[in-house]
Amino acid sequence: MNRTESLRRRDKAAIWHPFTQMADWETEDPLVIERGEGNYLIDTDGNRYFDGVSSLWVNLFGHRRKEIDDAVRAQLDLLAHSTFLGLSHPPAVELAEKLLAVAPKGLSRVFYSDNGSTAMEIAIKMAFQYWRQKGSGEGRTTFLTLSEAYHGDTLGSVSAGGIDLFHKIFRPLLFPTRRMPSPHCYRCPYGLSRPSCGLHCADRMEEEVRRSAGSLAAVVVEPLVQGAAGMLMMPEGYLRRLRDVTRECSVLLICDEVATGFCRTGTMFACDREGVSPDIMAVAKGLTGGYLPLAATLATDEVYRAFLGRYEEYKTFFHGHSYTANPLGCAAGLATLSIFGREDVPARVSALSGAMSGSLSALSGHPNVGDIRQKGLMAGIEIVADRAAKEGFPPARKTGQRIARKAREKGVLLRPLGDVVVLLPPLSSTEDEILGLVDAASWAIGEVLG
Ligand SMILES: *Cc1c(COP(=O)(O)O)cnc(C)c1O
C-alpha cells in the first residue's frame, strides 16, 4: 500500500471530520494535503491544486508567504504561548494597535480569542452584559438577527444564526432571538424587485428596530455578504440604513466581519463600503493571513467603559480562553497587516474582481445557473434545476459536491455551499489564475449538468 493509501485508511479509522457526512467519506478517496506553495495546495501524490476557496475563506496572500513564515519563526524563537489572563505580550499589543488603525472609526478596544465562533460568542455576551451594567438597559436582552445568518457553531453564535440545515436540531438549546428576513434580491422575501422596491427590506428593518428597540441589546449582521447562506448579497444602502436606525434607537450594531474582513469584498472591511462603524465587530478568518487560529472582537469606548468599576462590583467581562491572543497567531497577524501596509490590496482586488465578474458573466446563459452573486473576491454560482421557478435539485443528487469534485480534474479545489458553487480565491491570485478558476468551475458545471 502506498503512503497516500495508508494515510487515507488511517484517517478513516481514527478521524471524524467537520461538516462531513462520514458515511460518504468512508467510501471516498479523500485528498491528503501535504504542502502549500503560493496559491496552490499539493497532495501526498504531488498533485497541485489551485486553492479556489482560500482554504475555507481564511488564506489571503498564499501559502508559505515569506513575510508571514519569517514572522512566525521569529516569534517561535521567543515564545510560543503564555496566558493572556493577567499578562500581556508584545505581538498582541502591536497587533491590537495596527488592527484599530485600520478598523472602522470608533472601535477602540481589541478583545482576543481564537476563532470566528468565539469572536461572535464574545460579541453577543459583551452586548448583553453592556446593557445589564448600563443602568438604562432594563429589558434590553434580546437580539435581532437575520434569517439565513451564520455566525459560527458554538451555541451562542448558533442562536444568532438562521441556517436551518445546521441549526434546527439545536433549537431547544438556543436562546430565542427576533428575526428579520434575509435581505437579498434573488429570492426577495417580499416578492419585489430592484430598483422599483425602493429598498422595502430596509424600510421593514427600520420599522422592526423602532418597534422592538426597548427590548433589543443589539442587531447582529454579516455586513454586505451572508457567506455561509450561499453568498447572499445585501442590497446597497441596507447596511447604512440599519446603522442609522440602530444609532437613532440606541441599539448596538454587531457586525460579523469574520468572512468579509481583510479586503475580501474589496475594502478593508465590508462596513467601510457604506461608511458604517459598528459598536462591536468580530474578525477572524483572514486575520492571520490564514495561518493560525486567532480572532478578535473589537468594541467602542462606550461599550468598554460599561465594564469598568471597582473589583468587588464584578463588572468584569468573565470570558477568556486558554489560547487567547496566542503570540504565534499575533505575529502572523502583524505580518499580514504589514502586507496591507505595503501593497495596494484594494486596487488589486478591484482588478481581480473585475476580471472575475467578466468571465463569470459567460455562465449566466446556462440553463442551470439560477444566479451569479459576487462582491470583491467572494462569489457564488447558484445551481438550480428550474430557472423560472428558482427551484433546486433534490439534495440526494449532491449537485454542488459533484461539481466541486469534478473541478479537481482541472486542478482546482472547491468547497460548495449546498448547490452554490463558491469561488473565493486568495487575494494574491493572478488574473490568469482567476480566469482559470472560473473556467474550471464552468467546465465542471457543464460536465455534471450537460
Ligand atoms: C466562518 C464564519 C464564522 C465562524 O468562524 P470559525 O472560525 O469557523 O469559528 C462566523 N461568522 C462568519 C460570517 C463566518 O463566515
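Small disclaimer: the values here were computed from a predicted structure and weren't measured. Numbering of ligands and ligand atoms starts at 1, following listing order.
Ion pair D344/R348 not flagged as a salt bridge, since none of the NZ, NE, NH1 or NH2 atoms sits closer than 4.0 Å to an Asp/Glu carboxylate oxygen. The pair E343-R65 meets the salt-bridge criterion, with a side-chain N (NZ, NE, NH1 or NH2) lying under 4.0 Å from an Asp/Glu carboxylate O. Salt bridge present: E382 and R187 bring a charged side-chain N and a carboxylate O closer than 4.0 Å.
Residues lining ligand 1 at a heavy-atom distance below 4.0 Å are given as W57, N115, G116, S117, Y150, H151, G152, E222, D256, V258, A259, K285, ordered by chain and residue number.
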For residues 223-244, tabulate all N or O donor-acceptor pairs below 3.5 Å that involve a side-chain atom, not counting sequence neighbours.
unit_1 : atom_1 : unit_2 : atom_2 : d
Q226   : OE1    : S182   : OG     : 2.5
Q226   : NE2    : S147   : O      : 3.4
R240   : NE     : D244   : OD1    : 3.3
R240   : NH1    : E274   : O      : 3.3
R240   : NH1    : G275   : O      : 2.7
R240   : NH2    : D244   : OD1    : 2.6
R241   : NE     : E206   : OE2    : 2.9
R241   : NH2    : D203   : OD1    : 2.4
R241   : NH2    : E206   : OE1    : 3.2
R241   : NH2    : E206   : OE2    : 3.4
R243   : NE     : T246   : OG1    : 3.4
R243   : NH1    : S277   : O      : 2.8
R243   : NH1    : D279   : OD2    : 3.1
R243   : NH2    : T246   : OG1    : 3.3
R243   : NH2    : D279   : OD2    : 3.0

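Of the N and O atoms on the side chains of T154 and S157, at least one donor lies less than 3.5 Å from an acceptor on the other residue. With 3.5 Å as the limit, one finds a donor-acceptor pair spanning the side chains of N39 and S428.
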